Trainee: 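Handing you a structure now.
Fair warning: this is a prediction, and the values are worked out from it, not measured in the lab. Numbered from 1 within each chain, the chains take letters A, B, ... in sequence-line order.
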Amino acid sequence: MRTTTIRPAVAFVALAALATAAGCTSTTVTRVPTEEQIDLSGRWNDTDSQHAAQALVDQSMATPWVDNFLLAKSEKPTLIIGTIRNKTPEHIAVKTLVADLERSFINSGRVTVVASSEEREEIRAEREDQQQFASDETVKAWGLEQGADFMLIGEVNSQFDAEDGKEVKYYQVDCYLVDLESNVKVWTGSTKIKKFVGRSKYKP
Amino acid sequence: MLGVTRSRAVPAGLGLPAAVLLVAAGCATYVASNLELRSHLAAGDWQAALARVDARPGGRDRLLELLQRGHVLHYAGRFEESNIAFQQAEDLAASLYTRSISQAAVSLIVNDLAVDYRGKPHELAMVPYYRAFNYLSLGDRDAAQVEARKATLALAEAVEATLREIERPEDREAARRLQDSGFLHWFSGLLFESEGAANDAFVAYRNAARAYLAGGELTGVAPPVALGRDLERVGLAHGFSSEVEELHAASPELFPVPAATPDAEAGGEIVVVLESGWVATRDQVMLNVPILDVDHHYGSNDDWAWELVNRASPGWSSSYDVDIEYWLTVAVPVMAPSTTGQVTAVRLSADRATATSEPSDDLSRRAAATFEAERGQLLFRTFVRALAKYAAAEAAENEDETAGAVVNLLGVLTERADTRCWLTLPDRISVARVRLPAGRHQLHLEYLDPAGATVSSEAVEVEVTDGGWTFLSRRSFS
């Protein structure tokens, strides 16, 4: 007859206690600086958005298209940020990326950025409202909007490779600055983000 | 001749009340105790269905709770909430890649229900499909495209996670065959084409064709005729003529009807996806497997457990001149038959155009194939556990007969099969396609039984634009 030293009741109780302890969780919330880099799932996040936007604007400002425009027109070029298409299998907050791009362009001080088509609708509605309700001294006139010289368009692509709990995520953001009159691309830029996501195989 | 030498007997005074307690405590399987959810959905009572999901919150079944919550909310038309639940389910499924050692240890003493439910490949792959329809209903076509890109990745990742659980090469090979889904590729292709991404659409259609051809035996679903037309339409119009010719030569069954003329491709496309019936579930059966007097030569419990797996398989027979020392009683899951449902197809008609849906996927067959791939490992774990319980009872009995009986009883009490599954998924999926000229149309949908008789019907208004796509999803619960 097979014999063993297992004390089933003791083993069962010990394992049950271990399982219960492992299951104990509590919620903690800690405020952190917004610039602090925090990666949880490995998905595209706010840090990636900020890095990509800054890298693209730095690239753009380092090329001669702004100076060429200044020489030709004697004024800062006016930009509008168009559509950045998400072509990845992740839900990327493209609006955050657009906002980061806008901010970086405005803060560069070398270009003027005008409102997007969506924002313009709201502004025009307000202007229309002013025509009826604002005083003659403060009402804003129609037809004085500043037209953009260039539109920034782009897309986010990705390649993921995973095996045995390890995953490499590669994102590429490509942007193009297109002359709104001639359709000429005056600048193209690209920034890449590569991440390694490792998952533990086991936990207690 | 086999002979029963003895069977472990529990003293009547102790065993009978305990057996009664076992029944009273409600040892129904996961499926049996949650079938009410299907009744609520069939009655269209979304609130009751949600209440049912919420009545059994969290724990080891948290993933199922989230999947079924997202699913009920999808049918209830609460698309944003559905997406939130499905997102949580996807996040949880990803985090469950990391296995809990303590849970695994407890499962070796108790049963597989002590381990977090991680989802089956055919279940996790359906999340992007439902989320895509949620986003389409919310008017967010870009987000639907993201789901289209996720769909086939999710299936491959889920199969990869399943492979971690499986040791035997033949079982691993069986699991790998689950790694592709013609329907999900096709559905993704339709979404890509609807947004003008012709390259992505053609690649998806080509992958769908390959998956249908390779997986026909597994799912019993042939490549839909409409898929062949999609391949030709997009391929010939966007510079993939040589690829289309190659497919024609290699797999003529993909193209049973001639390509449509360009004139016939004017107008807009209506796509109706019909989900019908209920996916096949797992049932629990009690299995008695003999421990033989010649069994003591095994070097390890693992070797012994694998031998018991063989012994539990159909067709096993013992050699002569062995005695049965003990009958191990274990609870194991088996596949239950699917519930096909009364409605199996939908016929579309508007103006003079008509089209009937084609079978596109069989989730019950996928569930059964997953079970077959997992069965060996599952039985192995069951027998490792049973041998541990057997050894513990033997050891206890050597010290004290009553203690041995108590330990034996504990083993019986905790013996339950893991029948957990996403209960609300459909049995089958079929797709109907029709092209209509631009303008407003009354689209008639007739729901058909297997004989082609109309079970019920409805009419919906659709606004068709040239080159536009309209996606509709319908679920028949009956």
Trainee: What part of B:E195 lies closer than 4.5 angstrom to a heavy atom of chain A: side chain, backbone, both or neither?
Mentor: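 Contact with chain A is through the side chain of B:E195 alone.
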Trainee: Tell me, for B:D91 versus chain A, whether the close heavy atoms (under 4.5 Å) come from the side chain, the backbone, both or neither.
Mentor: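 Interface part for B:D91: side chain.
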Trainee: For each of B:E147, B:K389, B:Q87, tally heavy-atom pairs with chain A at distances under 4.5 Å, and name the one with the top tally.
Mentor: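 When all of B:E147, B:K389, B:Q87 are compared, B:E147 has the most.
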Trainee: Give a yes or no on this: more than 12 heavy atoms of other residues, nucleotides or ligands lie within 6.0 Å of atom CD of A:Q131.
Mentor: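 For A:Q131, atom CD is crowded (more than 12 foreign heavy atoms under 6.0 Å).
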Trainee: With a 3.5 Å distance limit and no angle check, can you tell me whether B:T98 reaches the backbone of A:S200 through a side-chain donor-acceptor pair?
Mentor: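 Between the backbone of A:S200 and the side chain of B:T98 there is a qualifying donor-acceptor contact (under 3.5 Å).
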Trainee: If you draw a 6.0 Å radius around CZ in B:R172, do more than 12 non-hydrogen atoms from other residues or ligands fall strictly inside?
Mentor: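 Enclosed: over 12 neighbouring heavy atoms sit under 6.0 Å from CZ of B:R172.
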Trainee: Any idea which heavy atoms bring A:P204 and B:S102 closest together, and the distance?
Mentor: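 So the minimum-distance heavy-atom pair works out to O-OG, 3.5 Å.
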Trainee: Identify the residues of residues 86-98 of chain A whose heavy atoms come closer than 4.5 Å to a heavy atom of chain B, ordered by number, or report 'none'.
Mentor: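 Within residues 86-98 of chain A, the residues under 4.5 Å from chain B are A:N86, A:K87, A:T88, A:P89, A:E90, A:H91.
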Trainee: Got a sec: does the CD of A:Q130 have more than 12 other heavy atoms crowding it under 6.0 Å?
Mentor: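 It does: A:Q130 CD has more than 12 such atoms within range.
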Trainee: Is it true that, when you exclude A:E75 itself, more than 12 heavy atoms of the residues, nucleotides or ligands shown sit nearer than 6.0 Å to its CD?
Mentor: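 Yes.
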Trainee: Under a 4.5 Å cutoff for heavy-atom pairs, which residue among B:L163, B:D293, B:V146 has the most contacts with chain A?
Mentor: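 The candidate making the most pairs under 4.5 Å is B:V146.
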Trainee: Check each atom of B:Y135 against the heavy atoms of chain A and say whether the ones under 4.5 Å are side chain, backbone, both or neither.
Mentor: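 It is the side chain, since no backbone atom gets that close.
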Trainee: Is it true that, when you exclude A:E119 itself, more than 12 heavy atoms of the residues, nucleotides or ligands shown sit nearer than 6.0 Å to its CD?
Mentor: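 For A:E119, atom CD is crowded (more than 12 foreign heavy atoms under 6.0 Å).
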